[in-house]
Amino acid sequence: MALNSGEEESIEALKKWWDENGKPLATAVVFVLAGYGGWLFWQNGQIAASDAASDVYEEILVLALTEPGRPVSDEESARILDLSRELMQAHRDTVYARYGALFSAQQHVVNADLDAAEESLRWILENRRSGFFDEEDEGLVLTATLRLGRILLSKGEAENALTIVNNVDPKAFEAGFSELRGDIYVTMDRFLDARDSYVASQQAGSNSEALQMKLDELPNES
């Protein structure tokens with residue numbers, strides 16, 4: 001069927017547009033599709049890695065959360081440490097690695113290895129963000145910070161412990177940080193400061209009998 005002049009002009013205009021824009025557009029589409037395919041590949045890889053890390057962490061939980069009154073055996077403790085190390089090395093970008101490090105620190109404390117416990121806790125604080133979107137588990141970070149302060153105090157590093165405590169916003173952990181601050185002041189013989197800190201802990205919600213005993217045993221001096 002013969003084309004009229006208007007149809008011929010439209011076809012010529014389309015050809016001209018394709019010559020000028022078609023190839024770049026096609027190239028852009030290819031890149032978009034390739035990028036989308038790459039994203040799907042990356043995402044599937046992340047899901048698989050997360051699933052693997054989850055399985056390792058679940059094994060840690062089974063070993064660490066024993067029945068009341070039954071301590072973790074030496075073999076179980078060694079296995080927890082091995083699994084935590086695996087998470088920290090092979091799955092460091094997952095939140096499971098950070099919780100694994102927390103269990104690692106716990107076992108090192110039980111084994112009286114405070115240096116190793118400190119190392120695990122500092123690893124959490126140095127690698128506090130996880131995942132593609134740099135997510136941070138605030139509760140985990142504060143827990144690790146609080147435990148690190150206690151470790152340093154136990155090692156006789158009261159000044160370092162106090163620096164850590166005083167340079168963090170404790171938020172919902174105010175009671176724990178205030179009590180730790182009081183413990184630090186006691187070792188420094190700053191008993192009035194210790195009393196203020198213990199009272200602050202109570203005001204933040206702590207009704208611990210042990211905390212009240214600490215208050216009762218404080219000498220009445222500065």
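Residues take their numbers from the sequence shown, with the count starting at 1. The analysis underlying the following values was restricted to heavy atoms, covering all of them including side chains, and did not include hydrogens, waters or symmetry mates.
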**Q.** Interatomic spacing from CD1 in Ile60 to CD in Gln107 - rounded to 0.5 Å
**A.** 9.5 Å
**Q.** Leu61 with Leu140, same ILVMFWY side-chain cluster at under 4.5 Å
**A.** yes
Q.
Looking at Val141, is its backbone amide N or carbonyl O close enough to the side chain of Thr145 to form a donor-acceptor pair, meaning the two atoms are under 3.5 Å apart?
A. yes
Q) If you measure from CG on Asn160 to CD on Glu118, what distance do you get to the nearest 0.5 Å? A) 8.5 Å
Q: Test Asp193 against Arg181 for salt bridge (Lys or Arg N to Asp or Glu O under 4.0 Å), laying out the working first.
A: CA-CA 9 Å; Asp193 290 330; Arg181 187 180 291 107; over 6 Å; no
Q.
Assigning hydrophobic clusters by single linkage (Ile, Leu, Val, Met, Phe, Trp, Tyr; side-chain heavy-atom cutoff under 4.5 Å), is Leu83 placed with Val62?
A. no
Q.
So, using side-chain hydrogen bond (donor to acceptor under 3.5 Å, both in side chains) as the criterion, who are the partners of Glu138 when residues are at least two apart?
A. Lys171
Q: State, to 0.1 Å, how close Leu87 and Ala53 come at their nearest heavy-atom pair, and which atoms those are.
A: CD2-O, 3.6 Å
(Q) So does Ile184 get a backbone contact from the side chain of Thr187, meaning a donor-acceptor N/O pair under 3.5 Å? (A) yes
Q) Going hydrophobic residue to hydrophobic residue with side-chain gaps under 4.5 angstrom, can you get from Ile151 over to Ile124? A) yes
Q. Are any of the side-chain nitrogens in Arg70 or Glu76 under 4.0 Å away from the carboxylate oxygens of its partner?
A. yes
Q: Could you walk me through whether Lys214 and Asp183 pass side-chain contact (heavy atoms from CB on, under 4.5 Å), step by step?
A: CA-CA 9 Å; Lys214 292 177 184 179; Asp183 294 342; 3.0 Å; yes
**Q.** Heavy-atom closest contact (Val72 atom, Ser77 atom, distance)
**A.** CG1-N, 3.4 Å
Q) Under a single-linkage definition using a 4.5 Å side-chain heavy-atom cutoff for Ile, Leu, Val, Met, Phe, Trp and Tyr, are Leu121 and Leu81 assigned to the same hydrophobic cluster? A) no
Q: Take Gln202 and Gln212 through the side chain to side chain donor-acceptor pair (under 3.5 Å) test and state the conclusion after the steps.
A: CA-CA 9 Å; Gln202 289 181 327; Gln212 185 59 53; 2.7 Å; yes
Q) Any side-chain heavy atom of Asp169 within less than 4.5 Å of one from Leu142? A) no
**Q.** Any side-chain heavy-atom pair of Ser104 and Ile80 under 4.5 Å
**A.** no
Q: Return the minimal non-hydrogen interatomic distance between Ala101 and Met88, and the atom names on each side.
A: CB-SD, 3.8 Å
Q: Flag the pair Tyr96 / Val56 as yes when at least one side-chain heavy-atom distance between them is below 4.5 Å, and no otherwise.
A: no
Q) Are side-chain heavy atoms of Trp123 and Arg92 found at a separation under 4.5 Å? A) yes
Q. Would you say the side-chain atoms of Arg98 pair up with the backbone N or O of Thr94, donor to acceptor, closer than 3.5 Å?
A. yes
Q) Quick one: does Leu146's side chain get under 4.5 Å of Leu180's, heavy atoms only? A) yes
(Q) Within the structure provided, determine whether His108 and Leu114 are in side-chain contact (heavy-atom separation under 4.5 Å). (A) no
Q: Give the cluster check for Val110 versus Leu65: same hydrophobic cluster or not, with ILVMFWY residues linked at side-chain heavy-atom distances below 4.5 Å.
A: no
Q) Which atom names give the shortest non-hydrogen contact between Arg195 and Pro219, and what distance separates them? A) NH2-O, 4.0 Å
Q: Side-chain contact test, heavy atoms from C-beta onward, threshold under 4.5 Å: evaluate it for Phe103 versus Leu63 and give yes or no.
A: no
Q. Do the side chain of Gln89 and the main chain of Glu86 share a donor and acceptor less than 3.5 angstrom apart?
A. no
Q. Atom CD1 in Ile164, atom CG in Leu148: separation rounded to 0.5 Å?
A. 4.0 Å
Q: Please round to the nearest 0.5 Å and tell me the distance separating atom CZ of Arg122 and atom CG of Leu125.
A: 7.5 Å
**Q.** Salt-bridge present (Glu75, Arg79; N to O < 4.0 Å)
**A.** no
Q. Between Asn111 and Asp113, is there a donor-acceptor pair closer than 3.5 Å when you use the side chain of the first and the backbone of the second?
A. no
Q | Side-chain heavy atoms of Ser197 within contact of Tyr185, under 4.5 Å | A | yes
Q.
Would you say that more than 12 heavy atoms from the other residues, nucleotides or ligands in this model lie under 6.0 Å from the CD of Glu59, or not?
A. yes
